[in-house]
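The next block holds one structure in the form of structure tokens; read it before the comments.
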Amino acid sequence: MTNPAAPALPSQYEPKAAEARWQTLWEQNQVFRANPDLNPDAPSYCIVIPPPNVTGSLHMGHAFNSALIDTLVRYHRMQGKNTLCLPGTDHASIAVQTILDRQLREEGKTKDDLGREAFLERAWQWKEQSGGTIVNQLRRLGMSVDWTRERFTMDEGLSQAVLEAFVQLYDQGLIYRGQYLVNWCPASQSAVSDLEVEPKEVDGHLWHFRYPLSDGSGSVEVATTRPETMLGDTAVAVNPADDRYRHLIGKTLTLPILGREIPVIGDEFVDMAFGTGCVKVTPAHDPNDFEMGNRHGLPFINILHKDGTLNENGGEFAGLDRFVARKAVIERLQADGVLIKTEDYRHTVPYSDRGKVPVEPLISTQWFVKIDPLAEKALKFLDEQNSPRVVPDRWRKVYRDWLANLRDWCISRQLWWGHQIPAWYAVSETGGEILDHTPFVVARTEAEAWEQAKAKYGDTVQLERDPDVLDTWFSSGLWPFSTLGWPQSTADLDRYYPSSTLVTGFDIIFFWVARMTLMAGHFTDRMPFQDVYIHGLVRDENNKKMSKSANNGINPLLLIEKYGTDALRYTLIREVAGAGQDIRLEYDRKTDESGSVEASRNFANKLWNASRFVMMNLEGKTPAQLGFDLTPDSPNLELCDRWILSRYHQVITQTSDHIEAYGLGEAAKGLYEFIWGDFCDWYIELAKSRLYGEGDAGSKTTVQQILAHILEGIHKLLHPFMPHITEEVWHSLTQSDEQTYLALQSYPDRHDAWINPELEQDFELVIGVIRVLRNLRAEAGVKPGVKVTALVQSGNDREQQILTTGMPYIQALAKAGTLTLVQSADEAPRKSLAGVVGTVQVLLPLEGVVDLEALVKKLEKDLGKVEKDLKSLQGRLKNPGFVNKAPQEVIDGAKAALSEAETQAQILRDRLAIL
RNA sequence: GGACGUAUAGCUCAGUUGGUUAGAGUACAUCGUUGACAUCGAUGGGGUCACUGGUUCGAAUCCAGUUACGUCCACCA
């Protein structure tokens, strides 16, 4: 090694140790701890991470989401913003309770055996375990979050926020308790929201029955996919415009089996064209029928227990499970001769997302949030202020449509794990039991509840708290501001709220994004984030959505172990183009290998070695010690120096612009091309001869300065994407101590003065000549190590000038020992291989044994290509339509291309003629 | 039943407001251990841009339709 001061770095980057080391140092030294009071004049940047559910561990989707967030956060931090990235986890009420229920079942127990207290203790244990795993995974991903501000949706502060929000909404008349039809999940024995229901296509049947008219004058035919609900029928509806049945409206029918008299009603909801045009109406067990029941004042007969068995209203079927009862009802109807037919019927059945069983629409008493006033406010923000700004734009419409079309939100869940509803019932008023009509008080604390209750019902009142908990999304809806201290007014809220960007997948726009905007609009009078960046999901190698049920998840830690966190992060980001597109991850399940992550690992290794090379050639100096006093007009800059500096400054601009437009993938790709292509393949190669002392001393210093300067810049530019390797190398490069961090350095400044497109084009010509010469060498079968004699010919003054400057580059990189620049090709031996770039001819004379036929073949091939272009260009320029209508610059471009092609063709023909 | 997304090299994907010779990575083939890197370098082969029609001097790009895959929303018994 030429540099004794540079650390002896191995030739392969080992991510494992470096990543662990920096993760620990960052955290121990609270590098990412936010301080709201710091730099009052600096803008702030805040991302509150979407809290993962404490349901186990993180999957690839989390890794993707985290990579995007951390890249944004690190970028903005380096831009000098006062930055906070706040981590946390979500209690995931129903999801966690489902897991615990399953565990208990495996132990042969139920939650009632344990009792609420012991159950919750167990739930907290689970939370500690799963939450711990998740938080450690976030660390492994290199998230630059402020761990001192870590939150959990059920911790003390956030629980306070939930209480406050509930009480306020209740006091404002926006929360009410009422009897409504809800989606009932018999498996978890709880109400679930509309969003927790997923429709599934199933092959079922459509059963047709005959309901006789009570006056004996005939019958009507109705059909259903759920025959057992007929036990709860309280009417049959027909469309009042339907001539076939209009006369029946007002008559009564006798319900089979139970013999109940039910009316025929007219309702426009009924589709005359579907089925028979007669609909059985079960107001207590069907959403449409519920509405009809309300419209027509029909009785609501509930036939189900909460566990899905039939209750006493089911008559002889009482006690049977709903699906058993279905069969029994069909048999009985058949026996009674009123079953007309059974059709096979494919239809959608609503399934409970968590319980994995069909949900049952069921009347019950629940708590609701009145959604209209909240939705109106969020819509107003969107329409009038485009707030939040949705990226990509197409999701804005999806979000808007949903907001505009909402039903009241059922927020009570018959579960134990979660925020218990702060309502206390005066059970002494209703015989010691909580009934639908038991009076209640809503309060922030139990003491406050007693106070209110005593005032209303006297000192002897007995209180019992509502056993139900709130929908998980109630607390998640407060997340962007509850985590910053709301309802207290805090410095954090002041400084970081509203947050800058919410980064999340489209799958929870409704569940979560909209709930946050609803709550934030109401409680903080503004939208909780400026931008919403919606990304796609990670698909598996077969383009399938990764899911637990399909068991096709890819464990991010396996890939991290194999290739490193930086490689995984870089892969995930590099794959995302524009925004919002799903990404597909290459993966071999047998070997746990991924070609694309491997490519990123190789890129990291390339960077490592390039850095190693540069550091070995700086004579122990840091970039700061070498200094960078060069300006675009410094006389001692060579063509390649100006070129790489121009490219470098373009890349700074381009990377920033892309990141700020959420084009993270484009930014990542641009850096890859610059680092591997421009910097490593060309600049470093050209720098070698100067570093090895083959030029003057000034040239060596200049090249060292530039190498050091750009290398440091590269690490800064790449740091948001690959935080560990860049932090590691940057420390060696700058010889910084362990209390100084690249993560806190400022991003490279853009200096447009360095950008020189014309010069870049000149340099492209040199590169072109090198490529052609290399190609000729390969065609001629010249071994890579052998130096050749070659000629470069151009009759153009400007090209001559560029080539003169570029001569040493061509000699070095194309291994041309003797290289002559000539005006005319006559000076070349007859037996030469030839190629063209622009109007420059590159000639490789061949002595001795030469396969003439091969030379001719190559020339003919090249000529064929050029002639094809030539023809198309000539055709175009002869076309009056083109010449008259196309813009001048396009025509000029075509003319220039034509003359170049003509020159090329001529060169090739001449060459062929000589042979 | 609505709405949306995607279709380009064997594979994963780029391709800006239409401008002619459609690009990367990867895989493949050939050559290579010169003093950063074989997790590398050089070179090469490989595409009727899903299909059909239209607009235009000119279409991967714009329009209409078709097909395939995927996603979301929806109360049809």
Side-chain angles (χ1 to χ4, degrees), chain A residues 1-2 9 11-13 199 206 222-226 229 237 269-271 273-282 286-291 347-348 394-395 397-398 401-402 405 506-507 509-510 536-537 539 541 543-545 563 567 574-575 577-578 580-586 595-596 598-617 665-666 669 672-673 677 680-681 684-685 688 692 771 774-779 781-785 813-815 865-866 868-869 872-873 875-876 879-887 889-891 893-894 897 901:
Chain A
M1 274 191 207
T2 49
L9 300 174
S11 69
Q12 279 189 13
Y13 173 57
L206 189 60
V222 296
T224 181
T225 54
R226 296 184 296 154
T229 61
F269 162 77
V270 180
D271 179 353
F274 187 89
T276 58
C278 300
V279 182
K280 59 187 278 301
V281 183
T282 321
D286 182 277
N288 294 312
D289 296 3
F290 179 79
E291 299 292 329
H347 62 131
T348 54
R394 65 190 148 96
W395 291 109
K397 187 175 170 301
V398 177
D401 288 351
W402 192 77
N405 199 7
F506 60 78
D507 47 329
I509 291 179
F510 306 139
L537 35 90
R539 296 172 169 280
E541 68 279 14
N543 201 23
K544 291 274 186 297
K545 192 163 144 179
Y563 303 109
R574 206 191 139 157
E575 300 281 321
Q581 222 66 270
D582 289 352
I583 62 174
R584 198 189 301 200
L585 192 65
E586 268 179 68
S596 50
E598 190 180 314
S600 300
R601 189 270 318 262
N602 293 352
F603 175 50
N605 197 56
K606 183 76 183 178
L607 176 67
W608 175 260
N609 278 295
S611 305
R612 200 164 70 101
F613 170 79
V614 171
M615 286 188 273
M616 285 191 297
N617 287 285
E666 288 82 348
K669 280 176 216 160
Y672 184 98
E673 281 164 19
C680 293
D681 289 346
I684 287 187
E685 291 307 323
K688 280 179 178 170
Y692 297 152
R771 290 217 154 105
R774 282 172 173 173
N775 167 276
L776 295 179
R777 292 174 55 113
E779 297 268 350
V782 177
K783 295 285 177 193
L813 298 200
K815 295 246 161 49
K865 266 189 193 170
V866 174
K868 203 177 135 206
D869 298 348
S872 128
L873 284 162
R876 197 150 4 113
N879 183 338
F882 176 70
V883 183
N884 295 332
K885 290 185 187 173
E889 65 217 43
V890 174
I891 296 174

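Labels below follow one simple rule: chain letters A, B, ... track the order of the sequence lines, proteins then strands, and each chain is numbered from 1.
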What is the distance, rounded to the nearest whole Å, between atom [atom1] of [X] and atom [atom2] of [N]?
X: A:Y692; N: B:A36; atom1: OH; atom2: P; value: 4 Å
X: A:R612; N: B:A36; atom1: CZ; atom2: P; value: 9 Å
X: A:E889; N: B:U20; atom1: CD; atom2: P; value: 12 Å
X: A:L607; N: B:A36; atom1: CG; atom2: C1'; value: 11 Å
X: A:K669; N: B:U12; atom1: NZ; atom2: P; value: 15 Å
X: A:D869; N: B:U21; atom1: CG; atom2: P; value: 6 Å

Would you mind telling me which of [options] lies closest to the side-chain atoms of [X]?
X: A:F510; options: B:G5, B:A36, B:C73; answer: B:C73
X: A:E586; options: B:U12, B:C72, B:U20; answer: B:U12
X: A:K606; options: B:A77, B:U43, B:A36; answer: B:A36
X: A:R774; options: B:U43, B:G41, B:A77; answer: B:U43
X: A:K783; options: B:A36, B:G70, B:C31; answer: B:C31
X: A:R539; options: B:G70, B:U39, B:A77; answer: B:G70
X: A:A778; options: B:C37, B:U43, B:A77; answer: B:U43

For B:U12, which nucleotide is its Watson-Crick or G-U wobble mate, given both distances must be under 3.5 Å? B:A24

Could you check if a side-chain atom of A:L9 sits within less than 4.5 angstrom of a side-chain atom of A:M616, using non-hydrogen atoms only? no

Can you check whether any acceptor in the base of B:A36 is under 3.5 Å from a donor in the side chain of A:K688, or vice versa? yes

Would you say the side chain of A:R584 and the base of B:U12 hold a donor-acceptor pair, judged only by whether the two atoms sit under 3.5 Å apart?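 Flag unset: no donor-acceptor pair detected.
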
